[in-house]
Amino acid sequence: MDISSILQGGYQHPLSRSWQAKRNITKSMLMYPIFITDDPNAHVEIPSLPGQARWGVNKLEEFIGPLVKKGLKSVILFGVPLTCEKDGSGTPADDPNGPVILAIKRLRALYPELYIACDVCLCEYTSHGHCGVLNDDNTINIEPSVARIAQVALSYAQAGAHCVAPSDMMDGRIKAIKRALIDNGLGNKCTLMSYSAKFASALYGPFRDAAGSAPSFGNRKCYQLPPAAKGLARRAIQRDVVEGADIIMVKPALPYLDIIQDAAVLAPDHPLACYQVSGEYAMVVAGARAGVYDLRTMAFETVESMVRAGCTLILTYFTPQFLDWLDE
């Protein structure tokens, strides 16, 4: 056997196996998505998203406090309004007394070192459940949609969010948000993380249950990317870099590792995020419960694949478990 044929000597020990990774998972790479509802005392389990819940602002300390002590570094907030009056432009999205803005202020006061990102979208707040403002024929009206998204992002930044993350996939919204932040003195104080390559996916089902954000008619395929659209994803990533995104994101993660790898090449000087979305998480949990594999082993395998593809930030519902696993 040729000398060059022998590889196993390099990974025969657990420690030397860890050296084979270009980058290892750390707690600072993990961002925890949490759902904030407008019932301040709520703690409502989400059946389709095992182990996750909707939380009221008054419950945040008991929920987040123990995780911060374990090393939680960042969260991303999703508003779940259940009692507000929704309309065509998503007016409740930046209500000063709404769940997201109240949660930003509460978390900033409780945990000054915790990094707080906010998802920016209209779908949870519009009467029709779509991510933008509609024309009379129910198609997306781009200009008012972008203006409204930028307004919401600015409101979150002014409330104290460290990062705003538009997930709506409206054309041009990155430039509009960046301009709004700069014009209001926040260009150097708030990070702009773009859901640059967000695909129309069946894996969002549990999230829509959690956030109550399913569209009342039609679907989002005219603004979320087609699953086979590698070229469109590459163009969207490059566009958002030019428009001022500070972080690039690919969503979902596991079915789109090739896009993550493309993003690492197209935007080599940007942090690269991915979102292990609700359906990915639920599938891993379901498989473990069915005895197909060990939960921890599979969770590590999926997240390590994202890191291997180039991610430096991973949004995952497994974050609380990883805070324990990474200490063992």
Side-chain angles (χ1 to χ4, degrees), residues 30-46 49 51-86 90-126 148-168 177 181 186 189-193 195 206-213 247 273 275 278 313 315-317 319-320 323:
L30 303 171
M31 180 177 280
Y32 189 26
I34 58 175
F35 300 99
I36 311 295
T37 188
D38 49 8
D39 175 355
N41 297 306
H43 174 198
V44 181
E45 299 292 332
I46 304 166
L49 205 54
Q52 309 305 310
R54 301 188 193 101
W55 296 90
V57 172
N58 293 344
K59 296 287 187 178
L60 285 177
E61 186 171 5
E62 67 181 69
F63 168 44
I64 297 294
L67 299 178
V68 170
K69 289 181 180 178
K70 291 180 180 181
L72 178 67
K73 301 298 183 185
S74 65
V75 296
I76 182 165
L77 307 181
F78 293 87
V80 185
L82 299 177
T83 60
C84 68
E85 185 174 345
K86 301 181 181 183
T91 298
D94 52 356
D95 181 351
N97 295 310
V100 173
I101 289 178
L102 291 179
I104 294 168
K105 293 179 177 180
R106 179 67 60 87
L107 290 172
R108 285 293 301 260
L110 289 170
Y111 311 109
E113 301 303 315
L114 182 66
Y115 189 90
I116 302 167
C118 292
D119 178 83
V120 181
C121 198
L122 301 181
C123 59
E124 301 101 320
Y125 305 95
T126 54
R148 181 70 185 119
I149 288 289
Q151 186 178 41
V152 173
L154 177 61
S155 296
Y156 293 166
Q158 289 173 329
H162 298 102
C163 173
V164 289
S167 60
D168 55 288
I177 293 170
L181 293 174
L186 293 166
K189 297 178 182 178
C190 184
T191 299
L192 176 49
M193 177 165 64
Y195 289 64
F207 176 92
R208 290 173 181 169
D209 288 345
S213 62
I247 301 173
Y275 195 154
S278 59
L313 172 62
L315 286 65
T316 176
Y317 300 96
T319 296
L323 296 177

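Since we're looking at a predicted model, the values are computed, not measured.
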Minimum side-chain heavy-atom gap Leu192-Pro166 below 4.5 Å: yes

Taken to the nearest 0.5 Å, the spacing of Thr91 OG1 from Lys86 NZ works out to 12.5 Å

Rounding to 0.5 Å, atoms CG (Asp119) and CD (Glu124) come to a distance of 6.0 Å

_Min side-chain heavy-atom separation Asp39-Leu82 under 4.5 Å_ = no

With a 4.5 Å limit on heavy-atom distance, are the side chains of Pro33 and Tyr275 in contact?
yes

Closest non-hydrogen contact found for Ala161 with Cys190 is O-SG, 3.7 Å

message = Counting neighbours of CD on Glu61 that are heavy atoms of other residues, nucleotides or ligands and sit closer than 6.0 Å, is the number greater than 12?
response = no

The reported gap from OH in Tyr317 to CD1 in Ile34 (rounded to nearest 0.5 angstrom) is 11.0 Å

Rounding to 0.5 Å, atoms CG (Leu60) and NE2 (His43) come to a distance of 11.5 Å

Q.
Taking atom CD as the centre, does Glu45 end up with more than 12 heavy-atom neighbours from other residues, nucleotides or ligands that are less than 6.0 angstrom away?
A. yes

Closest non-hydrogen contact found for Met193 with Ala273 is SD-CB, 4.1 Å

Residues Ala93 and Leu122: closest non-hydrogen pair is CB-CD2, 4.4 Å

Distance col, row Ile64:CD1 vs Leu110:CG, nearest 0.5 angstrom, shows 10.0 Å

Output for pair (Cys118 SG, Asp94 CG), nearest 0.5 Å, gives 11.5 Å

### Task
Look only at the side chain of Ser74 and the backbone of Leu30, and say whether a donor-acceptor pair between them is shorter than 3.5 Å.
yes

Practice task
May I ask you to test the Ile36-Leu102 pair for a side-chain heavy-atom distance under 4.5 Å?
Solution key: no

Gly79 and Tyr125 have their tightest heavy-atom pair at CA-OH, 3.3 Å

Can you tell me if Lys59 uses its side chain to pair, donor with acceptor, with the backbone of Arg54 under 3.5 Å?
no

Problem set entry | Any donor-acceptor N/O pair, Asp38 side chain to Thr83 backbone, under 3.5 Å | yes

* Ile101 and Asp95, any side-chain heavy atoms less than 4.5 Å apart -> no

_Within the 3.5 Å criterion, strictly below it, is a donor on Tyr115 or Thr191 matched to an acceptor on the partner's side chain?_
yes

Here the pair of heavy atoms bringing Lys70 nearest to Leu323 is CB-CB, 4.1 Å

Given the options Val100, Asp168, Val152, Val120 meets side-chain contact (heavy atoms from CB on, under 4.5 Å) only with Val152

State, yes or no, whether a side-chain contact exists between Ile116 and Tyr111 at a heavy-atom distance under 4.5 Å. no

**Q.** side-chain contact (heavy atoms from CB on, under 4.5 Å) evaluation trace for Val164 with Ile177
**A.** CA-CA 9 Å; Val164 289; Ile177 293 170; 4.2 Å; yes

Less than 4.5 Å apart, any side-chain heavy atom of Leu49 and any of Phe35?
-> yes

Heavy-atom nearest pair, Ala157 first then Leu181, reads CB-CD2, 3.7 Å

With a 4.5 Å cut-off on side-chain heavy atoms, are Leu67 and Val75 touching?
no

